Amino acid sequence: MLSKNNLILFLSTSIPFLSYVGTNLQQLYYYDFVDLFKYFILFFIFIFLSCKFLSKVNFLKNKNLEITIAYFVLIFFNYNSLQLIFRDILNLSEFRYVSFISWLLLLALVIYKFTFLSIKKNIINFSYKFFSIFFIISFIFLFINFLTLKKYEDFNYENYNQFIEENIKLGSTKLNNVYYILLDSYPRQDILEKDFNFDNSEFLKNMNNIGFENLSNSMTNVPSTHLNQTLVFDMNLKRVNNYIKNIKETDIGVPKEFSDWKYGHTIVHKIFHELGYLNFVSFDTTFRGTPCRIKDLSSTGFDKCISQKAILRELEINFLKNTPFIDILGKFFPSFFSYLFLYPKDITKNLESIIPKDKSIFYYSHIMIPHPPPKYDDYCKIRTEIFEMNITSNVSDEAKKGVIQDIRCLNSEVLELSKKIISLDPNAIIIFQSDNGWPFNKYPMDHFNINIWKVPKECKKMLKDDFTNVNTFRVVFNCLEVSNFNLRPNQLINY
């Protein structure tokens with residue numbers, strides 16, 4: 001039977017994991033829960049064995065070692081709470097330094113209290129009650145968030161069979177490879193001129209010289225990655241409109257059904273499979289929900305995932321942000337604690353091995369550039385630092401300078417990638433598209449996205465200058481001569 005001290009130790013080590021799961025429940029996937037449970041078991045075993053070892057060597061002789069370590073764990077995993085107080089509540093510009101100093105003072109207080117002062121029995125009882133209440137609150141918070149989760153029904157391709165039978169002509173011999181490359185948060189030319197004082201015309205001219213058309217009045221239907229990609233791969237706005245209409249203030253995050261596209265569970269991927277295509281994908285392996293972590297892709301709509309290897313993923317990095325690990329060790333090992341992003345040049349150098357010679361492919365690549373934070377330095381080298389993805393405000397001149405530098409470097413890599421695709425696959429349909437414009441603009445300017453297409457000559461008449469993303473694959477399938485879709489109206493959703 002566990003002693004009260006060991007129970008306190010168990011409670012203190014489980015609270016950080018419960019709190020993290022409760023806060024991020026909507027965004028977590030099955031394997032995230034498995035990994036978090038594994039990390040908790042390993043962490044508890046490590047803390048428990050450390051206590052046993054320290055006891056054997058008479059560390060803190062005649063003291064309650066478990067109590068001391070329990071409070072240390074509490075302070076260790078609440079480093080981010082101090083940052084939130086100093087950054088979001090007190091609005092301190094030097095919040096990182098103030099947070100770290102405050103954290104050290106708290107830690108020193110605990111060490112002094114439990115090392116140099118005698119611990120009375122009532123402290124043990126108080127600590128047991130304190131950690132028990134903390135545990136119960138964390139569990140209730142998790143349970144309440146669980147009750148507010150949107151019910152997610154398992155994806156079923158059978159729902160699309162009738163649609164495909166009625167709208168798609170199977171057996172076509174015109175199976176051009178299709179490359180759909182999303183450049184996250186890339187604004188169109190007029191927004192870059194107005195908000196960034198940046199002229200992007202040279203890049204657009206270079207793309208035009210190798211056969212691309214810039215849709216200069218392009219707009220996304222909704223400025224949200226999950227919702228935009230859902231309506232793009234649905235080829236209609238019905239599901240997104242229903243969600244927007246019924247959204248509640250109490251809803252936490254976007255329901256998991258709007259992540260189906262991450263797994264190729266879409267009508268578009270189903271159609272490509274039915275036409276005889278292989279579905280390829282490139283996602284950052286660091287990002288939560290990516291299928292590139294799954295060894296067996298048979299449960300997805302993808303046949304192959306092309307990405308980079310990652311040491312730490314979004315799950316681990318976000319969890320470690322609750323501790324001082326990233327702020328301290330990240331200064332000495334920045335590349336270890338930063339997100340590992342996918343760059344166009346990663347695809348370019350592997351393109352020859354990616355394209356099969358005997359099969360047609362639909363290749364979807366999601367590039368998280370120029371979405372903040374900046375990912376290139378002044379010399380277009382990859383930036384290795386502690387990246388912060390959950391950005392709530394990024395409208396400073398410094399932030400805009402970073403976006404422009406990213407766009408300059410990204411343009412160069414996109415141009416090289418385009419030339420490489422054309423040299424290897426001259427008949428391919430190639431689309432560079434953004435899910436939204438500059439995300440910190442107001443409606444409707446936040447919808448003004450980049451949209452650059454290369455299609456066979458006979459399909460150019462299908463491209464309209466005032467284009468919206470919902471029509472992307474309606475045009476693609478019409479160009480492949482397997483459908484005769486009407487284009488959807490250019491509806492903009494203020495979200």
Side-chain angles (χ1 to χ4, degrees), residues 24 27 79-80 83-84 86-88 91-97 99 182-187 191-192 195-196 198 223-226 282-290 307-308 310-322 324-346 365-414 434-441 446 449-450:
N24 298 275
Q27 287 77 40
Y79 178 74
N80 191 48
Q83 286 197 340
L84 291 175
F86 293 120
R87 182 186 64 197
D88 298 340
N91 295 317
L92 296 181
S93 57
E94 301 296 332
F95 69 91
R96 289 190 186 276
Y97 299 106
S99 300
L182 190 125
L183 308 175
D184 207 292
S185 300
Y186 195 133
I191 294 299
L192 289 175
D195 292 336
F196 295 84
F198 177 70
S224 158
T225 299
H226 283 79
S282 284
F283 277 124
D284 294 287
T285 53
T286 49
F287 286 166
R288 186 181 299 150
T290 173
S307 194
Q308 76 286 64
I311 301 172
L312 293 180
R313 299 169 293 123
E314 184 182 11
L315 174 74
E316 288 85 3
I317 292 175
N318 282 347
F319 185 72
L320 286 174
K321 283 179 182 176
N322 294 315
F325 254 127
I326 291 181
D327 269 6
I328 298 173
L329 295 180
K331 300 299 181 186
F332 303 99
F333 309 101
S335 60
F336 187 83
F337 288 101
S338 64
Y339 294 112
L340 187 60
F341 289 101
L342 182 71
Y343 292 79
K345 63 183 179 183
D346 296 326
S365 177
H366 197 118
I367 308 290
M368 287 297 298
I369 313 173
H371 186 293
K375 301 170 187 70
Y376 297 95
D377 65 15
D378 292 340
Y379 304 98
C380 289
K381 301 294 184 184
I382 293 175
R383 290 180 67 162
T384 54
E385 59 186 58
I386 305 166
F387 287 123
E388 182 73 48
M389 286 302 298
N390 299 321
I391 297 169
T392 56
S393 178
N394 210 330
V395 293
S396 67
D397 290 340
E398 187 66 25
K400 289 185 177 182
K401 180 183 175 183
V403 171
I404 292 306
Q405 180 61 18
D406 271 11
I407 287 177
R408 285 196 179 102
C409 302
L410 176 65
N411 286 350
S412 176
E413 290 194 22
V414 166
S434 175
D435 52 345
N436 49 260
W438 177 235
F440 306 100
N441 263 341
D446 55 347
N449 67 323
I450 199 167

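Since the model is a prediction, treat every value here as computed from it, not as a measurement. We count residues from 1, following the sequence as given.
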Student: Between His366 and Phe283, how do the two ring planes meet: parallel, tilted or perpendicular, split at 30° and 60°?
Tutor: tilted

Student: Grab the two heavy atoms, one from Pro374 and one from Gly402, that are nearest each other, plus how far apart they are.
Tutor: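 Closest heavy-atom pair between Pro374 and Gly402: CG-CA, 3.9 Å.
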
Student: Once rounded to the nearest 0.5 Å, what's the spacing between atom CG of Asp377 and atom SG of Cys409?
Tutor: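 It comes to 7.5 Å.
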
Student: Is it the case that the side chain of Asp406 and the backbone of Tyr376 share a donor-acceptor pair, with hydrogens and angles ignored and the cut-off at 3.5 Å?
Tutor: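 Here the side-chain-to-backbone pair exists.
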
Student: Is the backbone of Asp195 close enough, under 3.5 Å, to the side chain of Lys400 for a donor and an acceptor to pair up by distance?
Tutor: yes

Student: Do Leu342 and Ile367 have side chains that get closer than 4.5 Å, going by heavy atoms?
Tutor: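 Yes, close enough: below the 4.5 Å cut-off.
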
Student: Considering non-hydrogen atoms only, spot the tightest contact between Lys345 and Glu413 and give its length.
Tutor: N-OE1, 2.9 Å

Student: Quick check for you: to the nearest 0.5 Å, what is the distance between Leu182 atom CG and Ser282 atom OG?
Tutor: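 Between Leu182 CG and Ser282 OG, I get 12.5 Å after rounding to 0.5 Å.
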
Student: To check you understand the geometry: which heavy-atom pair defines the closest contact between Trp438 and Pro372, and what is its length?
Tutor: CZ3-CG, 4.3 Å

Student: Taking Asp435 for its side chain and Ser185 for its backbone only, find out whether a donor-acceptor pair lies under 3.5 Å.
Tutor: yes

Student: Counting N and O atoms only, with roles assigned by atom type, does the side chain of Lys375 sit under 3.5 Å from a partner on the main chain of Met368, one being a donor and the other an acceptor?
Tutor: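 Checking the backbone N and O of Met368 against the side chain of Lys375, a donor-acceptor pair under 3.5 Å is found.
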
Student: Looking at CZ of Phe198 and CD1 of Ile407, how far apart are the two atoms once the value is rounded to the nearest 0.5 Å?
Tutor: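 Nearest 0.5 Å value for the CZ-CD1 distance: 6.5 Å.
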
Student: Tell me, with the steps shown, if Cys380 and Gln405 meet side-chain contact (heavy atoms from CB on, under 4.5 Å).
Tutor: CA-CA 8 Å; Cys380 289; Gln405 180 61 18; 4.0 Å; yes

Student: At their closest point, which heavy atom of Ser224 faces which heavy atom of Asn436, and how far apart are they?
Tutor: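 Looking at all heavy atoms of both residues, the closest pair is N-OD1, 4.4 Å.
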
Student: In sequence, state the C-alpha distance, the side-chain angles, and the governing distance for Tyr186 and Leu192, and then conclude on side-chain contact (heavy atoms from CB on, under 4.5 Å).
Tutor: CA-CA 9 Å; Tyr186 195 133; Leu192 289 175; 4.2 Å; yes

Student: Under 3.5 Å, is there a donor-acceptor pair between the side chain of Asn322 and the main chain of Phe319?
Tutor: yes

Student: Work out which heavy atom in Ser434 is nearest to a heavy atom in Asn449; give both atom names and the distance.
Tutor: O-ND2, 2.7 Å

